[in-house]
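Values reported hereafter were calculated over all heavy atoms of this structure, with side chains retained and with hydrogens, waters and symmetry mates removed. Below, chain A is the first sequence line, B the second, and so on; all start at residue 1.
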Number of protein chains: 2
Amino acid sequence: MNSQLDSYDLRLLAAVQQDARTPQNELGEAVNLSTAAVNRRLKRLGEEGVIERYTAVIAPDAVGYGLTIIATVEVESEQIDQLDATRRSFTVCPHVQQCYYTAGEWDFVLVFVVQHMEQYNELTRKLFFGNANVKRFKTLVAMSRDKVGSTLPIGEN
Amino acid sequence: MNSQLDSYDLRLLAAVQQDARTPQNELGEAVNLSTAAVNRRLKRLGEEGVIERYTAVIAPDAVGYGLTIIATVEVESEQIDQLDATRRSFTVCPHVQQCYYTAGEWDFVLVFVVQHMEQYNELTRKLFFGNANVKRFKTLVAMSRDKVGSTLPIGEN
DNA sequence: TCTGAAAATGGACCTTT
DNA sequence: AAAGGTCCATTTTCAGA
């Protein structure tokens, strides 16, 4: 993993981040490279881990996950073992879409995707009340998801 | 947009969410459908908006965005105009990767992706201090991104 | 960069329910 | 009608010259 990315790479990344199904000849036209050059670069970017994976973004509502909830969590002990166990319990839960370990007023920020409130309740019982290392937590219910995703500002500066 | 998704759809969604580049014949083998049937279903799911888009997930560090910051924001007025203007100022900012409008102690939760602290400082000046409708905000710096993305729990429950 | 083979996509057409 | 399957043309990928 590594290498410095040149301007071509960055433009390709911006493009495939936008739409991963743009054919390589179109990408080539857009950035002024031959199809083969695009192909080789994308291959390399994938191998280097710059492109982590390709994914289809699914509308949460369409599959019943109408509710997004953000929780902030404070832990009792930040001792490594305890912390890792807690972190792990969060990340392995499929309903925890995102997990950040943070400095500031809280130790973790979690983004939950659930079908309904009751499901979140269950999860809090398991992940928070059921974990002695969780000191306190706070819940924010998303009324709207105004912007979501993993898009990075490439070439935006 | 709409339709109920059957078991085939759900399994296809789970698969392409995992890896959008799995060829349709492999998907077919996995779910027991012909390639053509897979093709038709994916097309339909795309048209119905169940699959919103296809994207390449890029490693933030590889493109210089080493720092993720979560900010919670309270607004002065939740009057529609004001609120929408504020919301919009957040969502159009490329460094705001995610924006949720929330009920609870805070009105907005924002996830920023930046190159360094100074860049976040600038953004706070523009988005928060520069906006009379922002009453107060709080910053949480991500020390680690333990789980990220938009993955939904399909067929997990 | 060009060329071509292999792979993948996606439409046409027919069959089943 | 709605959805599956087979077959075939077109498009796309990807490696070697």
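For the pair K126(A) and E122(A), the salt-bridge criterion is not met [side-chain N within less than 4.0 Å of a carboxylate O]. A salt bridge is absent between D107(B) and R136(B): the closest approach of a Lys/Arg side-chain nitrogen to an acidic carboxylate oxygen does not fall below 4.0 angstrom. The residues D9(B) and R44(B) are annotated as salt-bridged, a charged nitrogen and a carboxylate oxygen being separated by less than 4.0 angstrom. A salt bridge links D61(B) with R145(B); the closest basic N to acidic carboxylate O contact falls under 4.0 Å. R125(A) and E118(A) are joined by a salt bridge, as a carboxylate oxygen and a charged side-chain nitrogen come within less than 4.0 angstrom of each other.
For T35(A) and R40(A), each mapped to the nucleotide of DNA chain D holding its nearest heavy atom, the one lying further toward the 5' end belongs to T35(A). Comparing R21(A) and A37(A), the nucleotide of DNA chain C nearest to each residue sits closer to the 5' end for A37(A).
Each of F129(A), F108(A), Y120(A) was evaluated against F137(A); a single residue qualifies, F129(A), per the ring pair (Phe, Tyr, Trp, His ring centres under 6.0 Å) test. Residue V109(A) forms a side chain to side chain contact (heavy atoms under 4.5 Å, CB included) with just one option from V73(A), L140(A), I70(A), and that option is I70(A).
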Filtered N/O pairs between nucleotides 3-8 of chain C and protein, under 3.5 Å:
none

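Taking the 5' to 3' direction, DNA chain D first and last meets chain A under 4.0 angstrom from a heavy atom at dT12(D) to dA15(D).
Applying the 4.0 Å criterion to OP1 and OP2 of dG10(C), one finds that R44(B) has every side-chain N and O outside that range.
When the side-chain contact (heavy atoms from CB on, under 4.5 Å) test is applied to A15(B), the partners found at least two apart in sequence or on another chain are L27(B).
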